[in-house]
Structures are given as structure tokens and as C-alpha cells.
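Each remark here refers to the structure printed beneath this line.
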Amino acid sequence: MKIEQIYTGCLAQGAYFISSNGEAAVIDPLREVAPYIEKAEKSNVKIKYVFETHFHADFVSGHIDLAEKTGAEIVYGPKANTGFKAHIAADGEVFKLGDISIKVLHTPGHTMESACYLLSDQNGKEIALFSGDTLFIGDVGRPDLAQNGEVTQDDLAGILFDSLRTKIMTLPDDITVYPAHGAGSACGKSMSKETSDSLGNQKRFNYALRADMTKEEFIKEVTTGLTDPPQYFPENVKMNRDGYESIDDVLERGDHALSPDAFETKANQTSALILDTRKADDFAKGFIPNSINIGIDGGFAPWVGALIPDLKQNILLVTDPGREEEVVTRLARVGYDYAIGYLNGGFNVWKKSGKEIDTVTSLPAQKFAERYNEGAIKIVDVRKPDEFEAGHVEGAENIPLDTINEGMTALSKNETLYVHCAGGYRSMIAASILKSRGFDDVVNIEGGFGAIQKTEVAMN
């Protein structure tokens, strides 16, 4: 028996490849399925099952493509209703995989179809729990995503309390918990950076598993401090539940190399959004006018999901040469399937063609401090509210990046805007969006709040 955790930092997501005696199962696979197929071929095993813990909201799973390419059976827990062929398991149903077995534990609460998968070895000893979004390390799944007119977040929280106490906390302490997410995911609020732990440790240290906690206390603690979920979550749920276009077709559509002239023509003909995925510093020095910068080396996919409202938006790409397919793939992970081409050779080719470019002024933190101390200036802090409350420049206005499209209505195009985040990644995204909306005088503060703190600037 072999258990492999395949962790993707951008999404803070854990998929699992389990193999035993010639057979394999994949739990919560990412959209691109080739790595799982290659792993099976190298290990000389056949993928028999694709287990889904629930209808994911924060990414599009690869379950459909993986099943079609391998003949594997898709398995969901009770109450799942899919638009494609799948086995809807009964609570307690057991699946044989080589010499081991995997038991379905229906654990509603995060969503009503949520299920955990309990793995037992060839001797029947319970070894591991693949807990999906029901139980994280240090946290539990948020109970507000599946609420509707009949079921509220408090109802779901109460159901989750019962699931944890009747299905999970009764299991042996030495079981290893393998969750679907870690720190950085929007599916919980206080997850640990650790990506696995013993259930015994979680019983001791996870606030939601306190033995003396009442249901009322649980509901209050789990629902307090929840932020609004990203706007793309419902669309990802729909794709995971009803089906989606093959990743092969998505990659083929995006794999179109365009010359500067062809790129410009396509942008004008399709009203495509121009997405520049280079590093913030490179983008600041020069970019195609009206393009948006979301760097591929940061929290790329979640920020795309938070800031581009329409998943069917046509997208033209400016990337570092050689990273085009990676960008198309990572867009598809969160349901943005309509990349329609990329600038062949990257931004330098555009620049050499003599076409128009734009820039973002970047200012070192010390220079910013000098201007700040000379008189009133307009400071836009795009960090999260809790970051802002923990400390901020006196007089700064907090417009969190995920609300920038709405928040910019309070800003004037006639004044210089000094924009910062914690380190520079988010502020360049904000600066690019502001520039694209006609805010011409935008200054990005290099190093963000971390650098500003080292200067003589008044703080709150």
C-alpha cells in the first residue's frame, strides 16, 4: 500500500494517489489529469476509482476527464446529484482496492453531500482518513457555502457538529488525517500550514473538536469571522456537479501563438481581457495598455477567480516565454476555460514592434515616507481588513483587493493614488486594474507595508 499526497500550493489543495496490489484510486484530483495517468503507468497500476469528497467550490476537479481516460469509476457520497455517470455511495459502503479497503463516511455540514474516506490496510486496521473539507488541520470546513432558502449556515454548522462527533471523533487517535486543503484556502478560516496530522492531535488542538464543546458553542465559533466567499465559487460547484469541457480542448484553444499584430487584432475583435502573468516588477516597467497583472508565481488562480467576474470571459495572455501552457492550465483549474491565445515571444516582442506601452510608477518606501511627511497624500491599502486592523499607515483608506472593482468608485481620477499591500504582489494587481479603468496617476509602493514599517511614518 502506498499513499501519496499531491499538494498544490497555489490552491492550497491536496489530492491523493493511493495504490495497492496493481490498483489505484485518486481522491479530489486537479483539472489536469495527465500527471495521475503517468504516475499510474510508472507504478504499473490501474486507476480503479476517482473518489470525490464533495462538489468543490474553489477549483474544478479532474474527475470527469480522469474517468473517461482511464475507465475509472467516479464515486461521491450520499445525496450527491451529478450530471454525469457516477456511483453515489451509501453511508458505510466499502470499496476494495487491491489488498486494502476504503469506507465511505457521510459527513454533511460543509456541504450536504460531503463525505470522508476511511482507509483500512490488508489486516483491517484503520490507517488514514481523507477528510475533504469536513476536517482540516486546525479547522473545519466553512458551513456557509451550501446554504439555500431552506438550509442556513447555522443549520449546516449544527449538522457539521454532529458529523464530527458521530463519524470522526469516534475513530482511533492514531489515524492520519489527510485534508483537501491547508493554510491559504478560502474553504476555512484558520487552517494550519501542516498538511496532515494524527486524529489524536486534532482532538487535542483543533478548536472545533473540543470534547466539552456544546453544539451552540460550536455553531457560534465556526460561523464567527467568516468572510464572503470568492465570487467564482458557485460557478465551480456547478461545473463539478454538472460537467465541463475536456481539459484537452481547453488547452488546445489557448495554445495559439500570436504576433503583436494578430494579438492586437484579436483583442479588438473579441473584447478579450489581456492578462499579464509576469512578475510585478517586470510588469511595472512596461505592459500592454489596459492589461491586468496577476503574477503566475503568486496566488494566481484564486486571485483570477476573485477579480474576473465572468468565467466565460475571453482571455489573451502575456506570459514569460515557455510558461503559456502552465498559465492556461492554471486558469482552467478554477474554471476559466476561454484563453484564446498568447503573445508569441512575450512582452519584449510587443515592445520591439514599436506598439504603445504603459508603465506603473514604483516608489521606494523611504521616498514614500518623505512625501507622506511633506503633506496629505491619498493612500490605498489593498490588504485584507484583518491585516489593516492589525496596523496601518495613519490616514490610509482600506480597499481590499477582492473589492477593488467596487471600491474604486470612492476614488478620484484627479489625484495621485499611492497603493500598497503587504509585500507588493497584490498592490501591482490593484494598480493594473486602476490603470485599466482610467486612473492614470497610480504609484505602487515597493515592498509594501513591510517596507513602510521600517520608515518614519505615522501608524495606527
Side-chain angles (χ1 to χ4, degrees), residues 13-14 16 27-28 50-59 61 63 74-83 86-95 102-119 128-137 139-171 175 177-181 185-189 191 199 202-203 206-210 213-224 226 229 233-234 236-238 240-242:
Q13 190 268 347
Y16 298 91
I27 299 178
D28 294 338
V50 180
F51 291 107
E52 288 287 342
T53 56
H54 63 296
F55 296 127
H56 304 283
D58 61 311
F59 72 99
S61 175
H63 53 304
I74 300 172
V75 178
Y76 275 92
K79 297 192 177 182
N81 184 15
T82 67
H87 179 91
I88 308 305
D91 188 23
E93 187 170 348
V94 176
F95 295 83
I102 296 176
K103 182 179 180 179
V104 178
L105 302 180
H106 186 211
T107 52
H110 174 64
T111 66
M112 291 307 294
E113 80 285 350
S114 286
C116 298
Y117 296 100
L118 179 63
L119 183 151
L129 181 73
F130 301 92
S131 58
D133 285 20
T134 297
L135 175 63
F136 299 126
I137 307 305
D139 200 3
V140 291
R142 57 190 298 169
D144 61 319
L145 300 183
Q147 60 185 321
N148 53 45
E150 298 178 356
V151 181
T152 68
Q153 71 173 17
D154 283 5
D155 294 332
L156 286 162
I159 294 168
L160 180 58
F161 176 88
D162 293 336
S163 293
L164 291 167
R165 269 119 189 109
T166 62
K167 296 292 183 66
I168 292 179
M169 292 177 68
T170 56
L171 297 173
I175 282 178
V177 176
Y178 293 107
H181 292 291
S185 168
C187 293
K189 59 180 182 178
M191 285 175 258
L199 181 57
Q202 286 305 293
K203 289 177 183 178
N206 189 322
Y207 77 96
L209 301 188
R210 294 200 312 269
M213 177 183 266
T214 67
K215 181 181 286 192
E216 290 70 25
E217 290 171 336
F218 177 90
I219 292 171
K220 182 178 180 180
E221 291 196 36
V222 168
T223 58
T224 297
L226 288 174
F233 272 25
N236 276 201
V237 169
K238 184 178 179 181
N240 283 316
R241 183 190 64 221
D242 299 342

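Proximity of V140 to Y207: side-chain heavy atoms (C-beta onward) are separated by under 4.5 Å at one or more points. Proximity of P143 to L226: side-chain heavy atoms (C-beta onward) are separated by under 4.5 Å at one or more points. With a 4.5 Å cut-off on side-chain heavy atoms, P229 and R142 count as touching. Proximity of M112 to H106: side-chain heavy atoms (C-beta onward) are nowhere separated by under 4.5 Å.
With sequence neighbours excluded, no residue forms a side chain to side chain contact (heavy atoms under 4.5 Å, CB included) with N81. By the ring pair (Phe, Tyr, Trp, His ring centres under 6.0 Å) test, H110 is found to be paired with H54, residues two or more places apart in sequence or in another chain being considered. F136 meets the ring pair (Phe, Tyr, Trp, His ring centres under 6.0 Å) test with no other residue; sequence neighbours excluded. F218 meets the ring pair (Phe, Tyr, Trp, His ring centres under 6.0 Å) test with F161; sequence neighbours excluded. Listed by chain and residue number, P230, F233 satisfy the side chain to side chain contact (heavy atoms under 4.5 Å, CB included) test with A186 (two or more places apart in sequence, or in another chain). A search for side chain to side chain contact (heavy atoms under 4.5 Å, CB included) contacts involving D242 returns K238, not counting sequence neighbours.
When atom types are taken as modelled, the side chain of S163 and the backbone of I159 share a donor-acceptor pair closer than 3.5 angstrom. For D133 (side chain) and G141 (main-chain N/O), no donor-acceptor pair under 3.5 Å exists by modelled atom type. Judged purely by atom type and a 3.5 angstrom limit, D144 has no side-chain atom pairing as donor or acceptor with the backbone of L156. E93 places a side-chain N or O within 3.5 Å of a backbone atom of A90 that can act as its donor or acceptor partner. Proximity of a side-chain donor or acceptor of D155 to a complementary backbone N or O of V151 within less than 3.5 Å is not detected.
Within 6.0 Å of NZ on K103 lie no more than 12 heavy atoms contributed by other residues, nucleotides or ligands.
Of all the heavy atoms in S131 and P179, the pair that sits closest is OG-CA, 3.4 Å. Nearest heavy atom pair, residue A115 against residue V104, reads CB-CG1, 4.2 Å. Between A157 and T223, the shortest heavy-atom contact is CB-CG2, 4.2 Å.
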* To do: Go through the steps to decide whether D58 and N236 satisfy the test side-chain contact (heavy atoms from CB on, under 4.5 Å), and finish with yes or no.
  => CA-CA 7 Å; D58 61 311; N236 276 201; 5.7 Å; no

* Decide yes or no on side-chain contact (heavy atoms from CB on, under 4.5 Å) for L145 and Q153, but give the supporting numbers first. => CA-CA 8 Å; L145 300 183; Q153 71 173 17; over 6 Å; no

* Decide yes or no on salt bridge (charged side-chain N to carboxylate O under 4.0 Å, His left out) for K167 and D91, but give the supporting numbers first. => CA-CA 11 Å; K167 296 292 183 66; D91 188 23; 2.9 Å; yes

* So L129 and L119, side-chain contact (heavy atoms from CB on, under 4.5 Å) or not? Walk me through it. -> CA-CA 6 Å; L129 181 73; L119 183 151; over 6 Å; no

* To do: Please assess Y117 against F95 for the test ring pair (Phe, Tyr, Trp, His ring centres under 6.0 Å), listing each intermediate value before the final yes or no.
  => CA-CA 10 Å; Y117 296 100; F95 295 83; 7.7 Å; no

* To do: Mind running side-chain contact (heavy atoms from CB on, under 4.5 Å) on L118 and I102 for me, showing each step along the way?
  => CA-CA 5 Å; L118 179 63; I102 296 176; over 6 Å; no

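No side-chain N or O of Q13 forms a donor-acceptor pair with one of H56 less than 3.5 Å apart. With no hydrogens or angles considered, a side-chain donor-acceptor pair links T134 and T107 at under 3.5 Å. Residues E52 and S61 have side chains that bring a donor and an acceptor to within less than 3.5 angstrom of each other.
Atom-to-atom distance recorded for L105:CG and S114:OG is 12.5 Å, nearest 0.5 angstrom. Distance check: Q202 CD to I175 CD1 gives 13.0 Å after rounding to the nearest 0.5 Å. If you take CD1 on I27 and OG1 on T53, they are separated by 8.5 Å, rounding to the nearest 0.5 Å. With rounding to the nearest 0.5 angstrom, the CZ atom of R165 is 6.0 Å from the CG atom of L209. Separation of atoms CD1 (I168) and SG (C116) is listed at 4.0 Å; rounding is to 0.5 Å. Rounded to the nearest 0.5 angstrom, H181 NE2 and D139 CG are separated by 12.0 Å.
Between F55 and Y76, the ring center distance clears the sub-6.0 Å criterion. Ring centroid separation for the pair Y16 and Y178 comes in under the 6.0 Å cut-off.
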